[in-house]
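Please read all numbers here as calculations on a predicted model, not as lab measurements. Heads up: numbering here begins at 1 and tracks the sequence.
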Amino acid sequence: MKLKIATIILLMASLVYVSDRSSYSESIDEMNRKAHNLYEDKKYNQAIALWLDILTMEPDNQRVMQKIEEVYEIKQKKDLAYQKSRLDYHLSKMKLKEDKEEEIEKGISIGWNSIGNYRIAFRLDPNDSDIKEMRERMAALEKEILAAQEALRLSREIKMKIQQWRFIARDQLDKNDFDNSLKNWEEILDYLPRDTEAIEGKRTCLLAIENRIKFEKIRGYLAKGKELFDVQQYKSARNEYTMVISLDERNREANDYIEKIDEMLEEKMLLEIRLQQAENLYKSGVEQLGANNFDQARDDFESILSLLKNRDYKDTKQKLAMIEVLRKEYELKERQRRVQMIDEYFQEGLIAFNDSRYNIAIAKFDKTLSLDKENRYAREYLDKSIQALKQKQEEVVDENSPYFQVVNALIVSGKELYLAGRYTESTKKWERILRLFPKNRLAREYSLKCYYRMNPDKLDSFSNNLFESGQKLLAGRKYKDALDKFLLLKSVNERYPNIDEYVARSKIVPEDVGPGDTPLAAVDRQEIERKYRAAMALYQRGGKQNIEESLAMFRWIVQKSPNNVKAVINVNKIEAQLRINKGGAATGLAQLTPEMRRKAQRHYYNGISYYASNKFKKAIDEWQKVLIIDPGNVKAKNNIRKTMAFLGRYGNE
């Protein structure tokens, strides 16, 4: 019965889990469907917002990432088309006012380009507010282009007549001869019905004839606006022209000046914004140089030049030119510092190893290998240190060992029994320790002490044999093994003649001797010393060939005397130096953790979202955050460069 109930509960739980997963999937699908519909309706910002929400739940959703990228591409194409249209619009208007036919023809061609790019931008994003505002200007430009084309098609004789009528009509308008001026404008319109100047001239004359007071007010505002414009008081001038529009909203001159003033004020404002952005980038570039982040510094300084249309800002170009020099200097210093650290850690490890401080030795050799993975000596001595530590831990139980309390209690009771002369009972305590740790030094010593206390007749024979064994090891230059023998002898028989002298002699170890060394003859030692001096002289002389020759000599010494510390240190140092200078031990770029990748991805798509909303500065900030996490992110770098170049060329923020 219980089994059936458990089965039912598990089944219900699994159904709930499946249901939850199904609801979760349906939720994602519904959000994606809504986002896709918004995308189809060209409501890009809302679509991106939904897709970003999906990425929060499913960071690796490739379809959503692709759709966000598509929106970014559309937005970028739209921005470029729109800004090209704006630039061509102003240039076309200037050219269409020229008297020379070739200039007018250029104006017509540029104007059609402007209209074409505007249509591209409108088709890509008809909901953009800037594009909507530009619509009326484009319609007016098209009329001017058509009028200019009509004028170009007329015969030379008619063109001369129109030019004459135009000149006379302007003069009559200036002299307030509105009736005759009106007739001349109408003559022009008979041939050029779309001529914008003639249309405006006729309208002005009719206004003057029908409402002279209103006309004079308009003329006064126009004159004052022109006066203020000429002395660069643009805001005040704009106010005068706004008064004209309040009386005559179709007034061409006032509308043209307002448009021109708005462009100039916008350009001034955008220049100030770009200069502030340039200053921020400059400060960032200097900071990155100070932190030796040369690629990021280059990005910052290149962004300044893009932003200011290749115009230098402070000493940006000079700093850009110096980056590679600074990079090489830094890399050289880093290689030297790295070799120095490898050498220092290795030496500290050797000293700790020879002093039997194996934990410290292991840490130092580990650090050496973290800087130079191919360091064979560090690897070899690390293994030696680990083995020696294991042996030492058997000889002396570490306080962190789980057996420490047990062994310590046995030691205390064993010593007490020994001092009380209860040698048999004391021996049992030491034997219990030796069953756990056969090499435990203290247990071995007290076990022997107990034995010879109980068998004093055998002490002299044992002591003599132990002393002779120590002497042979000392003569064979095996100092550490000899020291162990003499210390054991002193522990068991502390009154043995001259034992302190032999302990002291065993502790004085020549530099070229270590565990396992073969005794060197006097001739060999002299040859090693001669080779060592010659190798050092070559190394200090410098140059690739000299250093390689010195390395060969040091290797020969190590082969003859593997524990010659000075030679081992020099071989290790030179090999590390050659590897690192060659780049063999250089550390690669750090791999991104999944969490770092998710953060970088989030900042990247946030940047696209800001870009789609025309918040270009925030978009750049987000992409720069990507580069802090992932300096090699090509897409983020390209987006920053494209956006900075766009802002520099077209002055949009």
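The shortest non-hydrogen separation linking Ser114 to Leu141 is OG-CD2, 4.0 Å. Nearest heavy atoms, Ala600 versus Val626: O-CG2, 3.3 Å. In plain terms, the two heavy atoms of Glu69 and Tyr604 that are nearest each other are OE2-OH, 2.7 Å.
Taking the six-membered ring where the residue is Trp, the centroids of Phe616 and Tyr610 are separated by 6.0 Å or more.
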Task: Stepwise side chain to side chain donor-acceptor pair (under 3.5 Å) check, Tyr72 with Asn639 - done: CA-CA 10 Å; Tyr72 171 68; Asn639 288 358; 3.0 Å; yes
Task: side chain to side chain donor-acceptor pair (under 3.5 Å) between Asp128 and Tyr82, worked out - done: CA-CA 10 Å; Asp128 187 278; Tyr82 171 67; over 6 Å; no
Task: side chain to side chain donor-acceptor pair (under 3.5 Å) between Ser85 and Arg119, intermediate numbers included - done: CA-CA 9 Å; Ser85 173; Arg119 286 172 178 163; over 6 Å; no
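With Glu197 as reference, Arg170 is the one residue of Lys202, Arg170, Arg252 to meet the salt bridge (Lys or Arg N to Asp or Glu O under 4.0 Å) rule.
The pair Glu142-Arg137 fails the salt-bridge criterion, with no side-chain N (NZ, NE, NH1 or NH2) lying under 4.0 Å from an Asp/Glu carboxylate O. A salt bridge does not link Lys75 with Asp125: every distance from a Lys NZ or Arg NE/NH1/NH2 to an Asp or Glu carboxylate oxygen is 4.0 Å or more. Taking 4.0 Å as the cut-off between side-chain N and carboxylate O, Lys226 and Glu240 do not count as a salt-bridged pair. Of the charged side-chain nitrogens involved, none lies within less than 4.0 Å of a carboxylate oxygen, so that Lys283 and Asp300 do not count as a salt-bridged pair. In this structure, Lys617 does not pair ionically with Glu622, as no charged nitrogen and carboxylate oxygen lie closer than 4.0 Å. A salt bridge does not link Asp256 to Lys260: none of the charged nitrogens lies less than 4.0 Å from a carboxylate oxygen. Ion pair Glu73/Lys77 not flagged as a salt bridge, since none of the NZ, NE, NH1 or NH2 atoms sits closer than 4.0 Å to an Asp/Glu carboxylate oxygen. We find that Arg327 and Asp295 are joined by a salt bridge, their nearest charged nitrogen and carboxylate oxygen being less than 4.0 Å apart. Taking 4.0 Å as the cut-off between side-chain N and carboxylate O, Lys183 and Asp179 do not count as a salt-bridged pair. At a threshold of 4.0 Å, the pair Asp621-Lys625 does not count as salt-bridged, since none of the basic side-chain nitrogens sits closer than that to a carboxylate oxygen. Under the 4.0 Å criterion applied to side-chain N and carboxylate O atoms, Asp248 and Arg203 are assigned as salt-bridge partners.
No hydrogens or angles considered: a donor-acceptor pair under 3.5 Å links the side chains of Arg219 and Asn176. No side-chain N or O of Tyr89 forms a donor-acceptor pair with one of Glu263 less than 3.5 Å apart. With hydrogens and angles left out, the side-chain atoms of Asn293 and Gln296 include no donor and acceptor closer than 3.5 Å. Looking at Asn633 and Trp623, their side chains never bring a donor and an acceptor atom within 3.5 Å of each other. No hydrogens or angles considered: nothing links the side chains of Glu259 and Asn255 as a donor-acceptor pair under 3.5 Å. Using a 3.5 Å distance cut-off with no hydrogens or angles, the side chains of Asn180 and Asp177 do pair a donor with an acceptor.
Applying the ring pair (Phe, Tyr, Trp, His ring centres under 6.0 Å) definition to pairs two or more places apart or across chains, none involves residues 129-159. Here ring pair (Phe, Tyr, Trp, His ring centres under 6.0 Å) pairs that include residues 213-247, with residues two or more places apart or in two chains, are Phe178-Phe215, Phe229-Tyr234, Phe229-Tyr257, Tyr241-Tyr257.
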Can you give the donor-acceptor pairs under 3.5 Å from side chains of residues 102-110 to other protein atoms, not counting sequence neighbours?
unit_1 : atom_1 : unit_2 : atom_2 : d
Glu103 : OE1    : Lys95  : NZ     : 2.7

